[in-house]
Number of protein chains: 2
Amino acid sequence: MSKCEQCIIKQFNSLKSLTKDELMRISSCKTSMNIKKGDVIFDEGETINGVYCIKEGICKLSKLSANGKDQIVKIVVKGDLLGYRSMVSDEVSNLQAVALIDMKVCFIPKNEIINDLQTNPKFSFDVLKEMAHNLREADDIIVNMAQKSVRQRLAETLIYIHDSFGVNPDKTLSILLSREDFANIVGTATESAIRVLSQFKKDGLISMVGKKIRIENLEGLKRIE
Amino acid sequence: MSKCEQCIIKQFNSLKSLTKDELMRISSCKTSMNIKKGDVIFDEGETINGVYCIKEGICKLSKLSANGKDQIVKIVVKGDLLGYRSMVSDEVSNLQAVALIDMKVCFIPKNEIINDLQTNPKFSFDVLKEMAHNLREADDIIVNMAQKSVRQRLAETLIYIHDSFGVNPDKTLSILLSREDFANIVGTATESAIRVLSQFKKDGLISMVGKKIRIENLEGLKRIE
DNA sequence: AACGAAATATGACCAAAATCATAATTCGCC
DNA sequence: GGCGAATTATGATTTTGGTCATATTTCGTT
């Protein structure tokens, strides 16, 4: 079992603001777990009794809508904290988390960390900052959903993934998503997402390397109206 | 100038978690202001150097989209705190706030309150809870925008206003919005909002008392597919 | 290698909503 | 009370995107 106080992953999230003592205590009660691609980490309606620190891998946060479709509201990657809202709220989760690739995560029980949240102002301020940032992102998504076309939303999704999560050595997007995932991010039918991506390919904006997508013309994607 | 420590409005927001001493200090540096209907409280891109506590009135938070339309992301009412994200983030505002009716607000400078956020864990935990709640709401809005029809979103908006902000003695919705505001909440063209509301009226789901809307058949609105 | 299931692709058609145009109504203001 | 501007209303038309049907391809499993 690795030690939190020596783990470099925490540099990417609010846990960096914990003291060495706090980290050692957390380290002693955390659970490391491996999660397979496709596994449900937690489900809508479930009580989440702690926070997941993502050491490796990527997962999607989605919400089932009345018509039976999943809407992906966020992609969470290595370094991020998952389920941190459960620390503050006693409500059950409104989201489902599913691994997009194999993951390694550490689970920190709520009981252990909630105390730190209430006694370490630096830590709680950091969490506050993180939430404020997420709220701002959510505002942007709402506006995009409401006012932009499927083409635009899909182009922006590609750009977002490119800019936020980077590319592989062959320049393909580091995050591999199915057409259905793309559809569930932009909030459209799977067929529509397929059609738009095909068009982007025809237009030379993107290319496919196996199942992976490579952006060929970033500026062109940005100009999509 | 009224005193924060005696003000009952704070019961409705996180300020209730401040100590009497903290409240007295804040009271001495706050500014009371009257805001007229239609006034811009703050604009997108502005630095907000504090928090507004709403004593009276209602305002909308919106974001301008690329196509020139405003998207309303939240309605903020008496008792709420406005601009509290500025306490945690040094970024400029991503939203515009415009009064929907005349308002009375107290402005608390960021400098004065940020210290309390970092030293009073009860207060910061309260703010965290508030943000977590707002994030959950934002998730719901994203899913609605992505997956529901204009008819459904408009019906749900009416229900939301009814349930969250209440009704006048004559049973009309306490919040009076223009057709354009409705359009900007559900993310549609003004004409579409007008059409759908007209249809709701024809179907006996709502009625108009002057410019005010009265819900005649709440269950019917809930059944809109 | 062969099979079946899942993912991707494409066409045809339809429904929802945007856009454009034009009235009708309301409201502030002189 | 009347004028002009803003708001609300409604019709005609077009565009976007959803749905349904059906291939085609990919991939894991035996």
Side-chain angles (χ1 to χ4, degrees), chain A residues 36-38 60 65-71 98 100-102 143-158 173 176-203 206-213 224-225, chain B residues 36-38 60 65-71 98 100-102 143-158 173 176-203 206-213 224-225:
Chain A
K36 287 242 162 301
K37 176 179 172 174
K60 59 181 174 183
S65 76
N67 63 18
K69 275 190 190 161
D70 259 336
Q71 177 65 38
V98 173
L100 286 171
I101 56 175
D102 290 354
V143 176
N144 286 344
M145 287 293 176
Q147 311 273 0
K148 294 187 177 170
S149 68
V150 168
R151 261 175 84 75
Q152 276 180 295
R153 268 139 58 197
L154 200 34
E156 287 182 14
T157 300
L158 292 169
L173 296 182
L176 175 61
L177 296 169
S178 69
R179 301 294 191 254
E180 191 181 4
D181 283 330
F182 276 111
N184 292 347
I185 291 173
V186 301
T188 190
T190 307
E191 296 95 319
S192 298
I194 289 171
R195 255 180 264 267
V196 173
L197 284 175
S198 298
Q199 192 59 49
F200 284 173
K201 203 169 100 182
K202 274 186 198 153
D203 297 344
I206 63 173
S207 64
M208 310 297 300
V209 180
K211 306 203 73 170
K212 293 177 293 181
I213 292 175
I224 292 284
E225 288 287 316
Chain B
K36 287 244 161 303
K37 175 178 174 177
K60 58 181 175 183
S65 78
N67 63 17
K69 275 189 192 162
D70 259 336
Q71 177 65 37
V98 173
L100 287 170
I101 54 175
D102 289 355
V143 177
N144 286 344
M145 285 294 174
Q147 312 274 2
K148 295 188 177 170
S149 68
V150 168
R151 263 175 82 78
Q152 275 179 294
R153 269 139 59 198
L154 200 34
E156 287 182 14
T157 300
L158 292 170
L173 297 182
L176 175 62
L177 295 169
S178 69
R179 300 295 191 252
E180 192 181 3
D181 283 330
F182 276 111
N184 291 347
I185 291 174
V186 299
T188 190
T190 307
E191 297 95 318
S192 298
I194 289 172
R195 255 180 263 268
V196 173
L197 284 175
S198 297
Q199 192 59 50
F200 284 174
K201 203 169 102 181
K202 273 186 197 151
D203 297 344
I206 61 173
S207 65
M208 310 297 300
V209 181
K211 306 203 72 172
K212 294 178 293 181
I213 292 175
I224 292 283
E225 287 285 318

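If you're wondering where the values come from, they're calculated on a predicted model, not measured in any experiment.
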To the nearest Å, how far apart are B:Ile213 CD1 and D:dT7 C1'? 14 Å
Contact class for B:Thr188 vs. all strands (heavy atom < 4.0 Å): base, sugar-phosphate, or nothing? sugar-phosphate
Just call it for B:Lys148: base, sugar-phosphate, or nothing, with non-hydrogen atoms closer than 4.0 Å on any strand. nothing
Whole Å only: how far is the CD atom of B:Glu191 from the P atom of C:dA23? 16 Å
Measure the angle between the two terminal helix axes of the helix from C:dA1-D:dT30 to C:dC30-D:dG1, five base pairs each, and quote it to 10°. 50°
Give B:Ser178 one of three labels, base, sugar-phosphate or nothing, depending on what nucleic acid heavy atoms sit under 4.0 Å from its own. sugar-phosphate
Determine the minimum heavy-atom distance between B:Gln152 and B:Glu225, stating which atoms define it. CG-C, 3.5 Å
Result for 5'-nearest mapping on DNA chain C, choosing between A:Ala146 and A:Leu197, is A:Leu197
Can you tell me the distance, in whole Å, between the CZ atom of B:Phe200 and the P atom of D:dA9? 14 Å
With sugar-phosphate meaning primed atoms plus P, OP1 and OP2, does A:Lys69 contact a base, only sugar-phosphate, or nothing at under 4.0 Å between heavy atoms? sugar-phosphate
For A:Asp181 and A:Lys60, the nearest pair of non-hydrogen atoms, with its separation, is OD1-NZ, 2.9 Å
In terms of heavy-atom contacts, B:Gln71 and B:Gly187 come closest through OE1-CA, 3.5 Å
Measuring only between side-chain heavy atoms, which start at C-beta, is B:Met208 closer than 4.5 Å to B:Ile213? yes
Indicate for each nucleotide in nucleotides 25-30 of chain C, in 5' to 3' sequence, whether protein heavy atoms under 4.0 Å reach the base (B), only the sugar-phosphate (S), or nothing (-). --S---
Nearest whole angstrom, please: distance from the C1' of D:dT26 to the CD1 of A:Ile194. 13 Å
Check: A:Gln199 and A:Lys202 side chains under 4.5 Å, non-hydrogen atoms: yes
Can you tell if the side chain of B:Leu197 reaches within under 4.5 Å of the side chain of B:Ile206, non-hydrogen atoms only? yes
Do A:Leu100 and A:Leu177 make a side-chain contact, defined as non-hydrogen atoms from C-beta onward lying under 4.5 Å apart? yes
Just the rounded figure in Å: distance from P of D:dG18 to CZ of B:Arg151. 19 Å
Given atom NZ of B:Lys212 and atom C1' of D:dT8, what is their separation to the nearest angstrom? 18 Å
Measure distances between side-chain N and O atoms of A:Arg195 and base N and O atoms of D:dT19, and say whether any donor-acceptor pair falls under 3.5 Å. yes
Interatomic distance, CD1@A:Ile185 vs CZ@A:Arg153, rounded to 0.5 Å, equals 12.0 Å
A:Arg179 CZ to D:dT25 C1', straight-line distance once rounded to whole Å: 12 Å
Taking CG from A:Leu154 and C1' from D:dG17, how many angstroms apart are they, rounded to a whole number? 13 Å
Atom pair CZ/OG1 of B:Arg179 and B:Thr190 - distance to nearest 0.5 Å: 11.0 Å
Between B:Ser198 and A:Arg153, name the one whose nearest nucleotide on DNA chain D is closer to the 5' end. B:Ser198
Atom pair CG (A:Leu158) and CD1 (A:Ile224), whose distance is rounded to the nearest 0.5 Å: 9.5 Å
